[in-house]
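In what follows, a structure is listed as C-alpha cells, so that the remarks can point back to it.
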Amino acid sequence: MPSFKNRNKALYLRLKNYSFKLFRMQLSEQELLRRQKCQELRALGIDPFPAELFPLTHHSETAKRTFEKQEDKPEVAPLTVALAGRLMSFRIQGSASFAEIQDEQGRIQLYFRRDDLCPGEDKTFYNTVFKKLLDIGDIIGVNGYLFRTQLGEITLHVTSFKLLTKALRPLPIVKEAKDEAGNTITYDAFSDAETRYRQRYVDLIVNPQVREVFRKRTRLVNVMRRYLDALGYLEVETPILQPLYGGAAARPFKTHHNTLDMTLYLRIANELYLKRLIVGGYDGVYEFSKDFRNEGMSRFHNPEFTQIELYVAYKDYDWMMNLVEEMVEQIALELHGQTTVRVGENDINFARPWKRLTMFEAIAHYTGIDISAMDENELRKTAEKLGVETDASMGKGKLIDEIFGLHCERKLIQPTFITDYPVEMSPLAKKHRSKAGLVERFEAICNGKEICNAFSELNDPIDQRERFESQVELGMRGDEEAMTLDEDFLRALEYGMPPTAGLGIGIDRLSMIMTNQQSIQDVLFFPQMRPEKKAQIASVTDFKALGVAEMYVPIIQKLGLLTIEDFKKATPSKLHNDLCGMRKKMKLEAVPNPTREEVENWLRG
RNA sequence: GAUUUCGUAGCUCAGCUGGUAGAGCAAUACACUUUUAAUGUAUGGGUCCCGGGUUCGAAUCCCGGCGAAAUCACCA
C-alpha cells in the first residue's frame with residue numbers, strides 16, 4: 001500500500017507497531033525472550049541457525065566408553081572429542097558451570113570454565129553468550145577433553161562450543177534423582193498422553209524410555225526380516241490403493257483416482273495379492289504392510305496399523321505354527337536377552353514349544369462343556385447359559401467364536417495356539433483335512449489377545465468362489481464387513497496355487513507386548529488423533545478482504561476480535577460504538593472514525 | 001457407540017459448601033570455581049478448554065460443545 005504509506009508514514013509505522021505487539025501477545029513470555037536472545041546473538045555476530053557442518057568425533061555413550069578404557073593409562077593423552085546435542089540442564093556456579101547435553105545415545109555432562117572459554121580480558125562469550133543467551137533446548141556443538149569429576153561422573157571439559165540451533169520454545173523440564181535404594185525418581189514427568197502423542201518430538205526429547213520403545217519396535221521388525229530372509233523368502237510390495245478391498249473382514253477407506261475416474265480403496269489386507277505371487281511361482285513371499293480399516297479407535301485400534309503377512313508354498317498350518325514359535329522366541333531373545341518378557345502383571349514366556357489347544361478343547365477346558373458334537377440349537381442354548389448374548393442371525397461359527405471370546409481368550413496369558421476354527425468364520429482358509437465343519441486355522445493368543453492368525457490357505461477355486469458368494473450374501477443382508485468377490489483372484493487360483501500356508505502378525509500388537517505398553521498409541525510414533533482445533537487468527541489480509549481498511553485492524557484486534565468468525569458475529573451498532581471508543585482510547589487521532597454504514601458493509605462482506 | 005473421569009502458568013499439579021487465581025520446577029535479576037532434582041534471595045508470568053445459564057459475584061454450580069483418558073461392545 002505505497003500511497004497510504006507515503007501519505008502517512010508515521011501512522012503506518014504506529015499501526016505496524018500495534019500489529020507487532022499483538023502478534024507478540026500470543027507468545028508466552030519465555031518465547032518472546034528466546035526470540036529476543038536470537039536478536040542479541042545476531043548483534044554479537046553469532047548466527048542462531050548456522051549453516052555449516054559441525055564435525056563430530058563421538059556420541060555421548062561411545063565417548064564415555066572410550067574414556068573408561070584408557071582412563072587408568074596415564075601415558076595416553078586425554079581423550080579429546082567433538083560432540084553435539086541438545087542442552088538439557090544448566091547448573092551455573094559463577095565462573096564455572098555444569099550442563100548436560102543429550103544426543104542420540106544419551107546424556108553427557110559438560111564442564112564450562114570462564115577462563116578456559118575466554119582466556120583474554122573479554123569475558124563476553126562466557127558471561128553473555130553462554131550464561132545469558134543459551135537456553136535449555138538449544139542445540140550446541142562442543143569440543144573438549146574428558147575427565148572424571150570428584151563425584152565420579154565422566155564429564156567433558158569444554159574448550160570451545162558453538163551454538164548450532166536456537167530453540168524458540170521452552171521444553172518441559174523433567175528431572176530425575178536416585179533415592180537411597182538406587183531407584184530413579186522422576187519429577188515433573190511429561191506425561192499428558194494427548195500432548196505426548198500430538199507433539200511426539202517433545203515426548204522423544206524428554207522421555208528416553210519412549211525413544212527406547214521405538215528402537216525395540218524397529219529391532220523386532222528387523223529380527224523378523226532377518227529370519228525370513230535367511231529362509232530365502234522374498235520381501236515384496238503390493239498395492240495400497242486397491243480397486244477391490246479384500247483379505248479381511250473390515251470396512252475400508254474410500255478414495256478416488258482422478259485420471260481413471262474410479263473409486264479406489266486403501267487396503268485392509270494384502271493377502272489376495274501375496275497369494276497371486278505364490279501362483280506366479282515364488283515359494284515364499286512376505287510384506288510388512290500398512291493396512292487401513294475404517295473402524296473404531298481404542299487403545300488396541302488405530303485406523304492405520306502394520307501387519308506382516310507371509311505365504312509359503314508346499315506348507316500347511318502345522319508347519320507354520322513351528323515357524324511362528326521360533327520367530328517370536330527369537331524376537332524375545334533379541335530384545336530382552338531371554339524368552340521371558342514382563343507385560344503388566346505377568347511374566348510371559350515365549351520359549352518353545354507353546355501350548356496347543358483346539359478351539360473345542362479350549363472351551364471344554366475353561367467352561368467344562370464339550371460343544372464339539374452340538375448342533376446349532378444346542379449351541380445356542382449353551383451359549384446363552386454361558387452368558388453370551390445371542391441373536392437369530394448368529395450361525396454355528398459365530399456362536400462358537402463368541403463363547404471362545406467370552407470365556408477363553410482373555411484367560412490365555414502364556415502364548416498358546418488355538419487351532420481348528422469353524423468354517424463360517426474363515427472364508428479364505430482350507431477345510432480341515434479330517435474334521436467336518438472346521439478349517440485348518442490357528443491363532444496365537446498371548447496376554448489375552450490375538451497376536452497372529454494363520455491357515456492352510458484355501459486353493460480350491462470352486463470352493464473359494466462359493467465362500468465369496470456366501471460373503472456377498474452376508475453383505476447384501478447388511479454386513480458391512482463382508483468380503484467382496486474378487487474375480488481376478490479367483491482367476492489366479494484357477495491357474496493353480498500350490499498348497500500354501502499363510503500367516504499374519506499384527507506388528508503393533510506384538511510390539512505392545514514386547515515393550516510392555518498399554519496402548520497402541522505408545523508403539524506408533526504418530527497415532528491418529530482428532531484434529532487440534534485452534535482458532536484461526538485473522539491476518540490484515542483477511543480483514544482487507546472484507547473491505548476493512550488496514551488502519552482499523554489493530555483497533556479491531558485490540559477489541560479482542562481476533563478471528564473472522566468472532567468479527568462476523570459482532571452486531572453493527574456495538575462494533576461501531578466499540579471501534580470509535582477504542583480509537584479514542586488508543587489515541588489514534590489520525591484515523592478517522594468509520595461510518596456506521598461502513599461497519600455494516602464489513603459485516604455483510 | 002455407551003458409561004465414568006479429566007481439561008488451571010512452558011511442565012507437574014493444588015485450589016473445600018461460589019467471594020480479588022496458588023505451589024514446585026522452568027524463566028528473569030544478583031551471589032557462588034567440581035555441581036548432581038545444585039543452593040540462597042528477589043521478580044515477572046494466566047482467555048482457569050470454548051459457549052450459554054443461575055447468582056450481587058463462577059476456575060468452582062447447571063446446560064451445551066470441543067478435546068483426552070479409563071472401562072465395556074466391535075474389530076487386528
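The figures here come from the full heavy-atom set of this structure, side chains too, leaving out hydrogens, waters and symmetry mates. On a predicted model such as this, the values are computed, not experimentally measured, just so you know. Below, chains carry the letters A, B, ... as their sequence lines are ordered, and counting in each starts from 1.
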*Return the value, rounded to whole Å, for the distance between atom CE of A:Met88 and atom C1' of B:C11.*
12 Å

*With a non-hydrogen cut-off below 4.0 angstrom, is A:Ser519 in contact with a base, only sugar-phosphate, or nothing?*
sugar-phosphate

_hbond_proxy A:Gln93 side chain to B:U33 base (donor-acceptor, 3.5 Å cutoff)_ = no

*asked:* Are more than 12 heavy atoms, taken from residues, nucleotides or ligands other than A:Lys411, located less than 6.0 Å from that residue's NZ atom?
replied: yes

_To the nearest 0.5 Å, what is the distance between CD on A:Gln521 and CE on A:Met529?_
7.5 Å

*Look at A:Lys64 together with A:Glu61 and state whether they make a salt bridge at an N to O cut-off of under 4.0 Å.*
yes

*Can you find a side-chain donor-acceptor pair between A:Asn127 and A:Arg114 that sits under 3.5 Å?*
no

*For nucleotides B:U35 and B:G44, find the distance between their C1' atoms and express it as a whole number of Å.*
27 Å

*To the nearest angstrom, how far is A:Asp192 atom CG from B:U8 atom C1'?*
13 Å

*Describe the nucleic acid contact of A:Gly506 in one word from base, sugar-phosphate, nothing, applying a heavy-atom distance below 4.0 Å.*
nothing

*asked:* Take a 6.0 Å sphere around CZ of A:Arg530 and say whether it holds more than 12 heavy atoms from other residues, nucleotides or ligands.
replied: no

*Which part of the nucleic acid does A:Phe147 contact within heavy-atom distance under 4.0 Å: base, sugar-phosphate only, or nothing?*
base

*Looking for any heavy atom pair under 4.0 Å, which part of the strands does A:Gln199 touch: base, sugar-phosphate only, or nothing?*
nothing

*asked:* Whether the side chain of A:Thr149 and the base of B:U36 hold a donor-acceptor pair under 3.5 Å is what I'd like checked.
replied: yes

_Which nucleotide in B:U12, B:A73, B:A69 has an atom nearest any side-chain atom of A:Ala193_ = B:A69

Atom pairs, protein N/O to nucleotides 25-30 of chain B N/O, distance under 3.5 Å:
unit_1	atom_1	unit_2	atom_2	d
B:C25	O3'	A:Lys175	NZ	3.0
B:A26	OP1	A:Lys175	NZ	2.9
B:A26	N3	A:Gln30	NE2	3.1
B:U28	OP1	A:Lys37	NZ	2.5
B:C30	OP2	A:Lys132	NZ	2.5

_Pairwise P distance for B:U39 and B:C62, with rounding to whole Å_ = 42 Å

*For B:U39, what is the paired nucleotide under Watson-Crick or G-U wobble rules, both distances under 3.5 Å?*
B:A31

*Distance in angstrom units between A:Asn270 CG and B:A76 P, rounded*: 15 Å

*Can you tell me how far P in B:A58 sits from the matching atom in B:C48, rounded to whole Å?*
12 Å

*Among B:A76, B:A70, B:U36, find the nucleotide with the atom closest to the side chain of A:Gln109.*
B:U36

*With C1' as the reference atom in both, quote the distance from B:G10 to B:A26 in angstrom, rounded to an integer.*
7 Å

*Which part of the nucleic acid does A:Arg198 contact within heavy-atom distance under 4.0 Å: base, sugar-phosphate only, or nothing?*
sugar-phosphate

*Stacked pair A:Phe305-B:A76, distance under 5.5 Å, angle under 30°*: yes

_Residue matched to B:U54 through Watson-Crick or wobble contacts both under 3.5 angstrom_ = none

*Is the phosphate of B:A38, meaning OP1 or OP2, less than 4.0 Å from a side-chain N or O of A:Arg91?*
yes

*Nearest-Å distance, CG (A:Leu156) to C1' (B:U34)?*
14 Å

*asked:* In this structure, how many angstroms lie between the P atom of B:U36 and the CD atom of A:Glu153, rounded?
replied: 11 Å

*Can you tell me how far P of B:G10 sits from CZ of A:Arg196, to the nearest Å?*
20 Å

*For B:C16, give its Watson-Crick or G-U wobble partner with both distances under 3.5 Å, or none.*
none

*Please measure how far the C1' atom in B:G46 lies from the corresponding atom in B:A14, and state the result in whole Å.*
15 Å

*A:Asp508: what forms a salt bridge (charged side-chain N to carboxylate O under 4.0 Å, His left out) with it, not counting sequence neighbours?*
A:Arg217

*In whole angstrom, give the distance that lies between atom CE of A:Met425 and atom P of B:C74.*
11 Å

*Base, sugar-phosphate, or nothing: which does A:Asn302 touch, judged by heavy atoms less than 4.0 Å apart?*
base

*Base, sugar-phosphate, or nothing for A:Gln150, non-hydrogen atoms under 4.0 angstrom?*
base

_By the 4.0 Å heavy-atom rule, please label A:Arg293 as base, sugar-phosphate, or nothing._
base

*Touch check for A:Arg530, heavy atoms < 4.0 angstrom, all strands: base, sugar-phosphate only, or nothing?*
sugar-phosphate

*Calculate the interatomic distance between A:Arg169 atom CZ and B:G10 atom C1'; express it in whole Å.*
10 Å

*Which whole number of Å gives the distance between the C1' atom of B:A29 and that of B:G45?*
15 Å

*Just name whichever nucleotide pairs with B:U4, Watson-Crick or G-U, keeping both distances under 3.5 Å, else none.*
B:A69

*When you compare B:C11 with B:G7, how far apart are their P atoms, in angstrom units rounded to a whole number?*
15 Å

*Verify the neighbour count for atom CZ of A:Arg169: are there more than 12 heavy atoms of other residues, nucleotides or ligands below 6.0 Å?*
no

_Just to be sure I understand the rule, does A:Thr195 reach a base, reach only the sugar-phosphate, or reach nothing, if contact means heavy atoms closer than 4.0 Å?_
nothing

_A:Arg299/A:Asp522 salt bridge by N-O under 4.0 Å criterion_ = no

_Please give the distance between the P atoms of B:A76 and B:U4 as a whole number of Å._
29 Å

*Go ahead and name the base partner of B:A21; Watson-Crick or wobble counts if both distances stay under 3.5 Å, otherwise write none.*
none

*Identified ring-ring contact (aromatic ring centres under 6.0 Å, His included) counterpart of A:Tyr265 within the set A:Phe292, A:Phe253, A:Tyr245*: A:Tyr245

_Sugar-phosphate, base or nothing in reach of A:Asp508, heavy atoms under 4.0 Å_ = nothing

*Cationic N near anionic O, under 4.0 Å, A:Asp401 to A:Lys398*: no

*Using a 4.0 Å heavy-atom cut-off across all strands, classify A:Ala250 as base, sugar-phosphate, or nothing.*
nothing

*Are any of A:Arg148's side-chain N or O atoms less than 4.0 Å away from OP1 or OP2 of B:U34?*
no

*So which nucleotide from B:A68, B:C32, B:U34 ends up closest to the side chain of A:Ile92?*
B:C32

*Side chain of A:Tyr187 only, please: which of B:A37, B:U33, B:A70 is the nearest?*
B:A37

*Give a yes or no on whether a salt bridge exists between A:Arg107 and A:Glu176, defined as a side-chain N under 4.0 angstrom from a carboxylate O.*
no

